[in-house]
Protein chains: 2
Amino acid sequence: MHHNSPLNPQCPIGRSLERVGEWWTIHILREAFLGATRFDQFQKNLGIAPNMLTRRLNALVADGLLEKRPYSTRPLRHEYVLTAAGLDFRPVLWTIMAWGNKHFSPEGLAIQLVDSATGTPAEPQLIDRHSGRPLTWPAFRTVAGPAADARTKSRYPVWPATTPQPTSPTAGSADAADAA
Amino acid sequence: MHHNSPLNPQCPIGRSLERVGEWWTIHILREAFLGATRFDQFQKNLGIAPNMLTRRLNALVADGLLEKRPYSTRPLRHEYVLTAAGLDFRPVLWTIMAWGNKHFSPEGLAIQLVDSATGTPAEPQLIDRHSGRPLTWPAFRTVAGPAADARTKSRYPVWPATTPQPTSPTAGSADAADAA
DNA sequence: CAGTATCCTGTCCGATACTG
DNA sequence: CAGTATCGGACAGGATACTG
């Protein structure tokens, strides 16, 4: 992608989407987590055109989410394996999955998370690692961090917030930056 | 999107991406969480072309993630507010943010999650709501659920897995479906 | 099997102009 | 202010053929 636009270049969501925002990318990562490593496996499982697969695979390698390494010389063949950064994407995938299961699976769950040992269904929940509390809004919110530039600071509240008490979730305040 | 392809139609990740997979969509949702409700706010904050914004907004409304409701008649004006399904997307956004912060913010954090009351930085972690255990692989895995069709069952293990002990994370087994 | 090369179509998207 | 209408370009993406 090549957006010169007003999009905040510091936004970590924006930076993530630059890597995985393309249509096929997350599907490819999902296949990688499912065990696919070879060109042919990705292609068959996704039904993606080979030129597209090449493009996306190379982009993922360039972005450091996949590592391309030879598993055979003569002829030279590569496999694509998740890097540490790529493996760290798993929680994102699982959170998306939970969201889809909750809202877009009216006929029941086709795919679900379970405890590998017991088979007990698991239900993903986000917590704060330090306090152990559920990571919910408005108990937690996004604010400008230490590396924020002027533009970011103008769009995100700097803690402590000037308006301490969070507004109600449904109260649509016209000015932004107080609801996240 | 209109992919007739082999993509598993039951996959909850696929179903989610059908709703939020387009380039602008997640950016728009982020702005909505930041407090934007009006056409003009989205446009200014994102630098998106108006026709595109209209398209994406309508798609989000059609998919039930935003609700379009009049805030003025004469002239008729609408605001776009997150529905329950839309609000449930917040954990996804925060998980993506955490991933971006960890891997793509070498200069330090520009935007971060904090405790609204104390300002203490929060660190998102995924756990299983029922057991309270960290939701990590291979302790947890994705398997075919009760509503899985034949195709899904063939691609995802049905618990209990035929190969009970999970393979090591780095051991790239050629056949898929045992690593997620 | 693991891609590369070509060609083609659709549409995403931006720019601009226009309207109540 | 909140969009709609139209135009054009870039490119994502599919289909196919080809290669070691």
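By convention in this document, chain letters (A, B, ...) are assigned in the order of the sequence lines, proteins followed by strands, and residues within each chain are numbered from 1.
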| request: Looking only at side-chain atoms of B:Glu22, point me to the closest of C:dC12, D:dC1, C:dG3. | output: C:dC12
| field | Separation of D:dA12 P from A:Ile28 CD1 (nearest whole Å) | value | 13 Å
| task | Output yes when at least one side-chain N/O atom of B:Arg56 is less than 4.0 Å from OP1 or OP2 of C:dC13, else no. | result | yes
| said: Does C:dA2 have OP1 or OP2 under 4.0 Å away from a side-chain N or O of A:Tyr80? | reply: no
| For B:Asp115, the option from A:His130, A:Arg133, A:Arg141 that meets side-chain hydrogen bond (donor to acceptor under 3.5 Å, both in side chains) | A:Arg133
| task | Name the orientation class of the two ring planes belonging to B:His27 and B:Trp24 (parallel below 30°, tilted from 30 to 60°, perpendicular beyond 60°). | result | perpendicular
| field | Gap between atoms CG and C1', on A:Leu57 and D:dG13 respectively (whole Å) | value | 15 Å
| B:Thr152: partners by side-chain hydrogen bond (donor to acceptor under 3.5 Å, both in side chains), with sequence neighbours left out | B:Asn8, B:Gln10, B:Asp149
| message | Between P on D:dA2 and CG on B:Leu66, what's the gap in Å once rounded to a whole number? | response | 15 Å
| note | Writing each nucleotide of DNA chain C 5' to 3' as (, ), [, ], | or . by Watson-Crick or G-U pairing under 3.5 Å yields .||||||||||||||||||.
| request: Please check the phosphate of D:dA12 (OP1 and OP2 only) for any side-chain N or O of A:Arg55 closer than 4.0 Å. | output: yes
Could you pull out the protein-nucleic contacts involving nucleotides 16-20 of chain C (nitrogen or oxygen on both sides, under 3.5 Å)?
residue : atom : partner : partner atom : Å
C:dG20  : N2   : B:Arg77 : NH2          : 2.7

| A:His27 NE2 to D:dG14 P, straight-line distance once rounded to whole Å | 11 Å
| query | Are A:Leu57 and A:Leu87 in one and the same hydrophobic cluster, where Ile, Leu, Val, Met, Phe, Trp and Tyr link if side-chain heavy atoms are under 4.5 Å apart? | reply | yes
| request: Output yes when at least one side-chain N/O atom of A:Trp23 is less than 4.0 Å from OP1 or OP2 of C:dG10, else no. | output: no
| Closest non-hydrogen atom pair, A:Pro50 against A:Phe39 | O-CZ, 3.5 Å
| For residues 55-66 of chain A, which residue pairs qualify under salt bridge (charged side-chain N to carboxylate O under 4.0 Å, His left out), counting only residues two or more places apart or in two chains? | A:Glu22-A:Arg56
| query | OP1 or OP2 of C:dA2 less than 4.0 angstrom from a side-chain nitrogen or oxygen of A:Arg38, does that happen here? | reply | yes
| query | What residues form a side-chain hydrogen bond (donor to acceptor under 3.5 Å, both in side chains) with B:Arg77, not counting sequence neighbours? | reply | none
| task | Can you tell me the distance, in whole Å, between the CZ atom of B:Phe39 and the P atom of D:dT4? | result | 7 Å
| query | Given D:dG3, D:dC1, C:dA2, which nucleotide is nearest the side-chain atoms of B:Tyr71? | reply | D:dC1
| said: So if I apply the side-chain contact (heavy atoms from CB on, under 4.5 Å) rule between B:Val92 and each of A:Leu126, A:Thr95, A:Ile13, which one comes out positive? | reply: A:Thr95
| D:dG3 P sits how many Å from B:Ile48 CD1, rounded? | 13 Å
| task | Would you mind reading off the distance between B:Leu53 atom CG and C:dC12 atom C1', rounded to a whole angstrom? | result | 14 Å
| field | Whole angstrom value for the distance that separates P of C:dG3 from CG of A:Asn58 | value | 9 Å
| Between A:Trp24 and D:dC11, is there a side-chain N or O to OP1/OP2 distance below 4.0 Å? | no
| message | As a test of understanding, state which of A:Phe104, A:Trp137, A:Trp99 forms a ring pair (Phe, Tyr, Trp, His ring centres under 6.0 Å) with B:Phe89. | response | A:Trp99
| message | So, using side chain to side chain contact (heavy atoms under 4.5 Å, CB included) as the criterion, who are the partners of A:Ile127 when residues are at least two apart? | response | A:Gln125, B:Gln125, B:Ile127
| message | With a 4.0 Å cutoff (strictly under), does any side-chain N or O of A:His78 reach OP1 or OP2 of C:dG3? | response | yes
| Can you check whether A:Thr54 has a side-chain N or O nearer than 4.0 Å to OP1 or OP2 of C:dT4? | yes
